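None of these values were measured; they are calculated from a predicted model.
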Amino acid sequence: MRQHKNLFRFIMARFLYMEAINTVSSFYVIYLVSVSDFTQDEAVDMIIRLIMIAVFSSVIAGFMVSKFGSKKVLGVALVGWASVVIAAALVSETWMFWVVGAVTGCFWGGPQIADRVMLTRLAPEGQLGEFFGLFQMSGRLSAVVGPALWGLTTTALIGLGDWRYRVAMLIVSLFLVGGLALLLWVREEREEANIPPPADEQPRTPQVVD
C-alpha cells in the first residue's frame, strides 16, 4: 500500500461504491415490497426489465469508455447511481419507482465495465494479475459488508417501521458518494513495478571464455 498509494486509493474507492451497488442489488426487491405497493411478483418483474435495460446500456458504456476514458465514465456512472439510490429512498408513488428503476438500469453496468479498464491502465507492468486479485477481493468483501450493514440498520431501527428501509437506502448512498470522492483523487497514470522481471527477461552478463 505504501508503494502503490494511488492504486490502493482506487481499490478503496471501488470497495466503497461496490458495497453500495451490491447491497442495492441484493435487497431492492425486498425494499420495493416493504416501502411501496409492489407485490413480490411485480418487484421481480421490475428487476427483470431493469436487467434488460442494463444489458444494452452496458454495451453503450463500453463504447463510452473507449471514447472518453474509464475514469470519466466511472465518475458519471457513480453520480447516476448515487442519484437513483437517493431518489429510491425518497419517492413514494408507484410510477416514480418505475422511473427510478429504468434510470438505474441505464447506470447498472457502467461501474463494473469502467473500473476494470481503469485498473489495467493503473496497474504496474508485470503485476496486473496481482492487483486484479486485490481488486476482486475488494468486491467480494463489499458483498459481505454491505448486506451486513443493511441488516444491522434495519434491525436497529425496527421501531421506525417501513422507514427503516429508507434510512438504510440513504446510508447506502453515502458509500457511493464516498467512493466517488475518493475516485476524484486517483491519478490516471501507470505505476512502476516493485518486483524484478522474470529470470528469462533479465539481462544476461556475457561470459568470457578463455
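- In this structure, Leu170 is not a member of the same hydrophobic cluster as Val172, with clusters built from ILVMFWY side-chain heavy atoms closer than 4.5 Å.
- In this structure, the separation between CG on Leu134 and CD on Gln136 is 10.5 Å, given to the nearest 0.5 Å.
- With sequence neighbours left out, Phe132 forms a ring pair (Phe, Tyr, Trp, His ring centres under 6.0 Å) with Phe135.
- Residues Ser70 and Arg121 form a side-chain contact, since some pair of their non-hydrogen atoms from C-beta on lies under 4.5 Å apart.
- Linking Ile, Leu, Val, Met, Phe, Trp and Tyr residues whenever their side-chain heavy atoms come within less than 4.5 Å leaves Val117 and Leu78 in two separate clusters.
- Here CZ of Arg14 is found 8.5 Å from CD1 of Ile21. Values are rounded to the nearest 0.5 Å.
- Both Ile171 and Phe15 sit in one connected hydrophobic cluster of ILVMFWY residues. Membership requires side-chain heavy atoms under 4.5 Å apart, directly or through other members.
- Listed for the Glu42 side chain is a donor-acceptor partner under 3.5 Å among the backbone atoms of Thr39.
- Phe10 places a side-chain heavy atom less than 4.5 Å from the side chain of Asp115.
- Residue Leu182 is not grouped with residue Leu184 when hydrophobic side chains (ILVMFWY) are merged at heavy-atom distances under 4.5 angstrom, including chains of intermediate members.
- Between Val24 and Met169 the shortest side-chain heavy-atom distance falls below 4.5 Å.
- Here the side chain of Thr155 pairs no donor or acceptor atom with the backbone of Leu152 at under 3.5 angstrom.
- The side-chain heavy atoms of Met118 and Val186, taken from C-beta on, include a pair separated by under 4.5 Å.
- Side-chain contacts under 4.5 Å among hydrophobic residues (ILVMFWY), followed directly or transitively, place Phe63 together with Val59.
- Using modelled atom types, one finds no donor on one side chain facing an acceptor on the other under 3.5 Å when comparing Asp162 with Ser34.
- Side-chain contact between Glu19 and Leu16 is absent, with no heavy-atom pair separated by less than 4.5 Å.
- Side-chain N or O atoms of Asn22 include one that pairs as donor or acceptor with a backbone N or O of Met18 at under 3.5 Å.
- Looking only at distances, no side-chain donor or acceptor of Arg116 sits under 3.5 Å from a matching main-chain atom of Ile113.
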Run the side-chain contact (heavy atoms from CB on, under 4.5 Å) check on Tyr17 and Leu183 step by step: do they pass?
CA-CA 10 Å; Tyr17 66 73; Leu183 178 68; 5.6 Å; no

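- Closest approach of Gly146 to Thr23, counting heavy atoms only: CA-OG1, 3.0 Å.
- Taking 4.5 Å as the limit, every side-chain heavy atom of Thr153 sits out of range of all side-chain heavy atoms of Arg164.
- Not one N or O on the side chain of Lys72 forms a donor-acceptor pair closer than 3.5 Å with the backbone of Val65.
- The two residues Gly109 and Ser58 make their nearest non-hydrogen contact at CA-OG, 3.5 Å.
- The shortest heavy-atom contact between Ser142 and Gly139 is OG-O, 2.6 Å.
- Under the 4.5 Å side-chain heavy-atom criterion for ILVMFWY residues, no single connected hydrophobic cluster contains both Met64 and Val76.
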Would you please test Trp108 and Ile53 for side-chain contact (heavy atoms from CB on, under 4.5 Å) and show each step?
CA-CA 9 Å; Trp108 192 279; Ile53 296 173; over 6 Å; no

Verify side-chain contact (heavy atoms from CB on, under 4.5 Å) between Arg166 and Leu160, making sure each step is shown before the conclusion.
CA-CA 10 Å; Arg166 295 185 183 273; Leu160 296 179; over 6 Å; no

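- Rounding to the nearest 0.5 angstrom, the gap separating the CG atom in Leu7 from the CG atom in Leu119 is 6.0 Å.
- For the pair Ala43 and Phe38, the tightest heavy-atom approach, listed with the atom from each and the gap, is N-CD2, 4.0 Å.
- Not counting sequence neighbours, Asp37 has no partner by the side-chain hydrogen bond (donor to acceptor under 3.5 Å, both in side chains) test.
- Residue pairs meeting the ring pair (Phe, Tyr, Trp, His ring centres under 6.0 Å) criterion with at least one member in residues 141-167, sequence neighbours excluded: Phe27-Trp150.
- By the 4.5 Å heavy-atom criterion applied to side chains, Ser36 and Thr94 are not counted as neighbours.
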What pairs of donor and acceptor atoms, side-chain ones from residues 95-104 against any protein atom, are under 3.5 angstrom apart with sequence neighbours left out?
| from | atom 1 | to | atom 2 | distance (Å) |
| --- | --- | --- | --- | --- |
| Thr104 | OG1 | Val100 | O | 2.7 |

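- In the displayed structure, Glu188 atom CD is contacted under 6.0 Å by more than 12 heavy atoms of other residues, nucleotides or ligands.
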Please report, to 0.1 Å, the donor-acceptor pairs under 3.5 Å made by any side chain of residues 79-91, with sequence neighbours excluded.
| from | atom 1 | to | atom 2 | distance (Å) |
| --- | --- | --- | --- | --- |
| Trp81 | NE1 | Phe107 | O | 2.9 |
| Ser83 | OG | Val79 | O | 2.8 |

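- Residues Asn6 and Leu122 have side chains in contact (heavy-atom distance under 4.5 Å, counting atoms from C-beta outward).
- Taking both residues in full, the closest heavy atoms of Val144 and Pro147 are given as O-CD, 3.6 Å, listed atom of the first, atom of the second, then distance.
- Of all non-hydrogen atoms in Ser138 and Ile11, the two that sit nearest each other are CB-CG2, 3.9 Å.
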